[in-house]
Amino acid sequence: MKLLKKFSQAAILATTFGLSGAAMADELKLDALLKTLEQGQVAQTAENKAREAEFVAKRNEQDAALRKLTSDRNAQLSRSERLETSFEENEIKLQNLSDTLSKRMGTLKELFGVLQQVSGDASNKFQTSVVSAEITGRSAFMDEMAAKMGSSSKLASIEDIEKVWFELQREMTEQGKVSRYNAEVIVAGGEKVNKEVLRVGAFNLIADGKYLTFNPVTNTISELTRQPVARYQTSAADLQAANSGVVDFALDPTGGSILGLLVQAPNTEEQVHQGGSVGYVILATGVIALLIALERFISLMLMSAKIRRQLKDTTPREDNPLGRVMKVKEQYPDVAYDTLELKLSEAILREMPKITRNLTLIKIISVVAPLLGLLGTVTGMINTFQAITLFGTGDPKLMAGGISQALVTTVLGLVVAIPTVFLYTLLNTRSRNLLLILQEQSAGIIAERSEKGA
């Protein structure tokens with residue numbers, strides 16, 4: 001505004017000087033300019049007043065909101081003080097009521113504490129018991145009872161206490177029963193099949209001569225993926241087929257723990273495979289020794305029968321060693337007895353390889369088999385120490401492979417060697433007996449020739 005006023009004064013002075021030095025025609029232009037300036041000043045003043053009025057109105061609104069918020073704050077502070085006072089009074093009342101309740105409950109409080117503990121323990125027992133596969137819902141009641149007894153605002157009724165006692169008594173009673181019922185059983189292929197399930201107390205479940213397992217999480221019954229050995233399955237089948245009397249049954253008193261370990265134990269075939277390549281070589285040599293021994297046993301048995309037949313006949317035959325030895329006497333009827341003795345010894349020596357054939361190989365196998373077992377033992381121990389070097393001794397399973405190979409190969413070597421020694425001894429005795437018969441008959445022929453010569 002001051003600038004406008006100075007500008008107007010300057011314009012007026014300029015006009016005054018202009019009037020003295022310029023034409024009168026310019027006076028009209030200056031009047032118009034002055035009028036325009038006055039109109040702009042009036043409009044600006046009105047706008048400023050409107051802004052001031054708006055500002056005052058907003059300030060009044062903010063003052064009113066501040067007063068309202070201050071009033072609400074004071075009210076909330078007053079309410080908070082009242083609530084704090086009421087809370088302290090209620091705490092005192094609650095403590096007094098709790099003390100009164102504890103005094104009035106007396107020994108019942110100990111009873112409810114014991115009841116809570118018993119309910120919790122029974123719930124855990126019922127969840128893993130195979131009785132729950134037939135009788136369901138017991139664990140849920142025990143959990144609810146334990147939660148109720150843990151709450152200070154709820155008391156157990158006589159009916160609840162009696163039901164807890166009833167469930168405990170029923171669990172003990174069912175442990176001594178053999179029960180039959182139908183249930184869905186998950187077979188090996190994953191399919192659910194309705195079968196007659198035989199529950200043996202709280203220990204085992206069987207169906208179709210197979211052992212079952214109970215999953216308390218999913219509340220399902222399924223066949224063991226791997227059953228125990230045949231004698232246990234036979235006892236299970238006998239029990240399921242029986243209607244009365246006493247039947248032998250392989251019972252797992254741990255409820256499935258021992259059975260789970262039993263089915264994990266390797267069978268004979270798996271133990272043989274644990275021996276590795278050395279074990280296979282030992283078995284191969286054992287089979288070879290067995291085949292050779294079988295062939296020798298049959299050959300010597302037939303040869304012995306032919307020799308016994310020849311002993312009863314004075315005519316020599318070519319189908320047996322004794323006949324071929326006796327034929328030497330006919331081939332050399334006129335030689336001296338000492339020459340005949342040499343000829344007979346030569347004939348016996350010719351028969352000896354046929355009688356003792358492959359016996360040395362059986363003896364060699366009986367000696368080599370334990371050495372192969374020792375080789376497997378050393379190899380297995382090397383693998384074990386390598387595993388210890390790489391992984392330490394924290395996990396015994398890492399060493400189990402080498403130890404299994406070490407022990408299994410030793411066993412296989414002894415299993416092959418021991419019967420092979422017996423077979424060699426038996427066959428060697430038979431062959432020596434046959435040779436003794438040949439030597440005895442040869443000595444008789446020489447004595448007969450000696451008597452003739454004398």
Side-chain angles (χ1 to χ4, degrees), residues 266-312 317-328 341-342 344-381 404-444:
N267 53 28
T268 304
E269 182 180 357
E270 292 173 343
Q271 289 178 349
V272 170
H273 291 314
Q274 289 176 355
S277 57
V278 178
Y280 298 145
V281 172
I282 295 173
L283 291 177
T285 57
V287 171
I288 293 174
L290 180 62
L291 293 176
I292 294 174
L294 182 62
E295 184 272 334
R296 284 286 79 205
F297 182 79
I298 296 174
S299 298
L300 292 177
M301 183 175 62
L302 295 176
M303 192 179 298
S304 177
K306 292 179 180 179
I307 290 176
R308 287 196 301 270
R309 207 166 42 242
Q310 181 64 57
L311 288 174
K312 299 177 181 180
R317 298 179 182 179
E318 291 286 343
D319 61 347
N320 64 92
L322 180 59
R324 289 189 289 271
V325 171
M326 292 174 62
K327 201 170 183 179
V328 173
E341 181 180 2
L342 295 175
L344 290 174
S345 298
E346 181 183 359
I348 293 174
L349 289 176
R350 285 197 300 268
E351 299 297 332
M352 185 178 295
K354 299 177 183 179
I355 298 175
T356 61
R357 186 180 58 192
N358 293 330
L359 292 182
T360 305
L361 182 58
I362 297 176
K363 185 177 181 180
I364 292 174
I365 292 176
S366 67
V367 176
V368 170
L371 296 178
L372 290 174
L374 180 60
L375 175 62
T377 301
V378 174
T379 305
M381 296 308 297
S404 297
Q405 181 179 357
L407 298 177
V408 169
T409 53
T410 303
V411 172
L412 291 177
L414 295 176
V415 167
V416 172
I418 293 173
T420 305
V421 170
F422 281 108
L423 289 174
Y424 169 76
T425 304
L426 176 64
L427 295 174
N428 187 51
T429 302
R430 281 179 172 268
S431 63
R432 284 183 177 276
N433 291 334
L434 295 180
L435 290 175
L436 286 175
I437 293 175
L438 296 182
Q439 292 174 357
E440 180 184 0
Q441 295 298 319
S442 174

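Note that the coordinates shown come from a computational prediction; the quantities given were computed from them, not determined experimentally.
- Taking all atoms of both residues into account, the shortest heavy-atom contact from Arg309 to Arg317 is NE-NH1, 3.7 Å.
- The distance from the CG atom of Asn433 to the CD atom of Glu440 is 11.0 Å, given to the nearest 0.5 Å.
- The minimum heavy-atom distance linking Thr420 with Ser366 is given by the pair CG2-CB, 3.6 Å.
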Applying side-chain contact (heavy atoms from CB on, under 4.5 Å) to Leu435 and Thr356, what does each step give before you reach the verdict? CA-CA 9 Å; Leu435 290 175; Thr356 61; 4.2 Å; yes
Could you walk me through whether Thr360 and Ile364 pass side-chain contact (heavy atoms from CB on, under 4.5 Å), step by step? CA-CA 6 Å; Thr360 305; Ile364 292 174; 4.1 Å; yes
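- Shortest non-hydrogen contact noted between Gly279 and Leu412 is CA-CD1, 3.7 Å.
- Not counting sequence neighbours, the partners of Glu351 by the salt bridge (charged side-chain N to carboxylate O under 4.0 Å, His left out) test are Arg324.
- Here the side chain of Ser345 pairs a donor or acceptor atom with the backbone of Glu341 at under 3.5 angstrom.
- Atom CZ in Arg432 sits 10.0 Å away from atom CG in Leu359 (nearest 0.5 Å).
- With rounding to the nearest 0.5 Å, the separation of CG in Leu371 from OG1 in Thr377 is 11.0 Å.
- One distance of note links CZ of Arg296 with CD1 of Ile355; it measures 9.0 Å at 0.5 Å rounding.
- Closest of all the heavy-atom pairs between Lys354 and Met303 is O-CE, 4.3 Å.
- Contact of the Thr409 side chain with the Leu372 side chain is not registered, since no non-hydrogen atoms from C-beta on lie closer than 4.5 Å.
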Could you check Ile288 against Ile292 for side-chain contact (heavy atoms from CB on, under 4.5 Å), going step by step and ending with a plain yes or no? CA-CA 6 Å; Ile288 293 174; Ile292 294 174; 3.8 Å; yes
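- Between the side chain of Thr429 and the backbone N or O of Thr425, at least one donor-acceptor pair lies under 3.5 Å.
- Atom CD of residue Glu318 and atom NZ of residue Lys327 lie 3.5 Å apart, to the nearest 0.5 angstrom.
- Residues Ser431 and Asn428 meet the side-chain proximity criterion, which asks for heavy atoms closer than 4.5 Å.
- Judged by distance alone, with hydrogens and angles left aside, the side-chain atoms of Asn320 form a donor-acceptor pair with the main-chain N or O of Gly323 at under 3.5 Å.
- Taking each heavy atom of Ala347 and Val328 in turn, the nearest pair found is CB-CG2, 3.7 Å.
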Under the side-chain contact (heavy atoms from CB on, under 4.5 Å) rule, what do Leu311 and Gln441 come out as? Steps first, then yes or no, please. CA-CA 9 Å; Leu311 288 174; Gln441 295 298 319; 3.5 Å; yes
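- The distance from atom CG of Leu427 to atom CZ of Phe422, rounded to the nearest 0.5 Å, is 13.5 Å.
- Heavy atoms only, all atoms of each residue included: Ile348 and Ser442 are closest at CD1-CB, 3.7 Å.
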